[in-house]
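The structure appears below as structure tokens.
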Amino acid sequence: MPPQPAQGRTPAAASSTSTSANTSSTTSAPHNPIAKVIWEGSIPIQFSWDKAEAAAVGSSAVESFFYEAQRCSYLSLLTSHVRKHFVDMALHFIGDDAEVWYDYEGTPLKWHYPLGLLYDIHGLQASSGQAMNGSLLPWKVTVHFQNFPIDKLVKSQAVDSCKDFFMSMIKEADYLRNGSTKKVMNMSKSDQTQLWDGLSSNNYDRFWGMNHKLMQNDGVMARNIPIRIYLPESCPVIQEPASPIDDREQPKTLRQILNASLPDLFPLVETGPPVAAAMIHGVIPNLDTSAIWASQNMSYPDNFLHLVIIIK
Amino acid sequence: MTSDANAHQPGPSARLTYSDFEFAIKAFLHQTRHHTPWSYVEYSPRRGQPLQGYLTLTKLVHSHHTSSGAPSTTTTTTSTQVPGAATIDPADQLLLDELAEQLDDIPDGDDHDEDNDIVIQQSTNLTFDYLSVNYHIVFSPSYQVPVLYFNAYRPDGTAISLEEIYESLVPEEWRGAIRNSGLNGGISQQDHPVLNTPYFYMHPCETVPLMETILQSNSNTTTAGDGPSYLESYIVTWLSFTGQAIGVSVPTDM
């Protein structure tokens, strides 16, 4: 039986017993309104062709490409759509999708970070949370078809690299929860495929039908919660082992997890107005939320809680 | 840090805490000080945290890649200067010429005549085909083991691709095995956990089972109290199997 959230302090608990409609060859996804809402989260993006590149081929005033992008998706998965738009607009590009890259205000965007995380970092965190009012939307991203910055961005082989990286994260999450990657490595090829296919085709049932098993971990309490914490100003990402239970075997809250890594920003007892907030999927969860519950219900598809710290 | 993250494990374990790791790399630094110029790099993970460290080493390696000339159609057309990579000064060229005579060869199963490794270009330049390789030994808090990160640069400062890594650093007889290992091959690229720029690395998930096996067999053969402690020899042991695959090893008399 998975650990229950603390009474009365968390958003609606996810019920994990009823099943939704079954697609023929897919394990069904359990009913989980929180996970569904997160899955359906999206950001409108305005992709504009880099001005210098456009000018170099004599194209100016090329229309931007507006796209409603899933927060849980990746830039690599959008490239074919983005490319098609600009090619239709007279861009002559016959290279590989792998040469396409994106920046926001001059900062190259990591294609291996989920889109929602990129926006949380470059949009919301960078504005110290001000932009939560939607003032940065549609998010203005520049697309490049040349001069891939191999010193700043991992060189992509487009969708294949994205899938490899995604599966690496799934493996790492498994290792953190169980101390080995046996669970993931023992998944059949078709099960592994179901995970990636579900994500890349934006099919909630297909994805969660399989992900559910990883999340529930056969009812075994995780050794560590897969969590990554992003401070502003390109600080090294915090990835420290975070046990979901304390010395008395009680479930820890998000506050306790954050306090262990960032005691000054997240004191256990607040003595004044909070100096920092933790954001995920563009929202600021209540810090009294059970950490294991957050891990099971609010993680990104790669099974990690990517928490972005907003300094007030 | 949660208390369980830093508590010293009872008895030797293939998994390390960060302080085990720091002890182990400092011991390794001391052990190799006469052989290989590893350096200890300190950094602050964030305000209020004690400093942490990792090891780095730069080596010149023969490149078996035959041409550093025309770019292929899939690589970037712009040469990007990589921060930290040296631009070759004429004054340094003399030193490099001397070093070229002592370059480490990665055994590839062929019998290469040293002279044949000097590639004479179609153009007027005589270029030594070598790579400058940076190796970093960094702690992985998730896998709780060291991870070997590396990048390789051509003389003009441009970084090389994964294919060229396989051709130049991985011994020929290992290439198939490494490519096919794990979910995505034994070598991948990701952001260096401290520098946040792209680095190649050896996947760490096989490290724990391997080290556990070695630990088991060592405990069967050594007498307690003899020789260096487990942590003191951790890096030598770990590097001797991890590093071989990509051109860095421990001196044979260790």
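Residue numbering restarts at 1 for every chain, and letters A, B, ... go by the order of the sequence lines.
Using modelled atom types, one side-chain atom of B/Gln189 and one backbone atom of A/Lys155 make a donor-acceptor pair closer than 3.5 Å. Looking at B/Arg46, its side chain does come within 3.5 Å of a backbone N or O of A/Ser261 through a donor-acceptor pair.
The neighbour count for B/Glu42 CD, taken as heavy atoms of other residues, nucleotides or ligands under 6.0 Å away, is above 12. Other residues, nucleotides and ligands contribute at most 12 non-hydrogen atoms within 6.0 Å of the NZ atom of A/Lys152.
Interface remark: B/Phe200 contributes no atoms to any contact with chain A (heavy atom separation under 4.5 Å). Within the 4.5 angstrom heavy-atom criterion, no atom of B/Asn151 approaches chain A.
Taking each heavy atom of B/Val194 and A/Pro236 in turn, the nearest pair found is O-CG, 4.1 Å. Counting all heavy atoms, side chain and backbone alike, B/Arg15 lies closest to A/Tyr175 at NH1-OH, 2.8 Å. Minimum heavy-atom separation, A/Lys171 to B/Tyr143: C-OH, 4.0 Å.
Among A/Leu262, A/Ile238, A/Asp264, A/Val237, the residue making the largest number of heavy-atom pairs under 4.5 Å with chain B is A/Ile238. When B/Ser142, B/Pro45, B/Pro141 are compared by the number of non-hydrogen pairs under 4.5 Å with chain A, B/Ser142 comes out ahead.
The side chain to side chain contact (heavy atoms under 4.5 Å, CB included) test applied to A/Glu105 returns no partner, not counting sequence neighbours. For A/His306, the ring pair (Phe, Tyr, Trp, His ring centres under 6.0 Å) test picks out A/Tyr230, A/Tyr300, A/Phe304, with sequence neighbours left out.
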In sequence, state the C-alpha distance, the side-chain angles, and the governing distance for B/Thr197 and A/Asp151, and then conclude on side chain to side chain contact (heavy atoms under 4.5 Å, CB included).
-> CA-CA 7 Å; B/Thr197 50; A/Asp151 53 330; over 6 Å; no
Start with the C-alpha distance between B/Arg47 and A/Cys235, add both sets of side-chain angles, then the distance that settles side chain to side chain contact (heavy atoms under 4.5 Å, CB included), and finish with yes or no.
-> CA-CA 10 Å; B/Arg47 250 200 317 264; A/Cys235 221; over 6 Å; no
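How far CG of A/Leu176 is from CD of B/Gln144: 8.5 Å, rounded to the nearest 0.5 Å.
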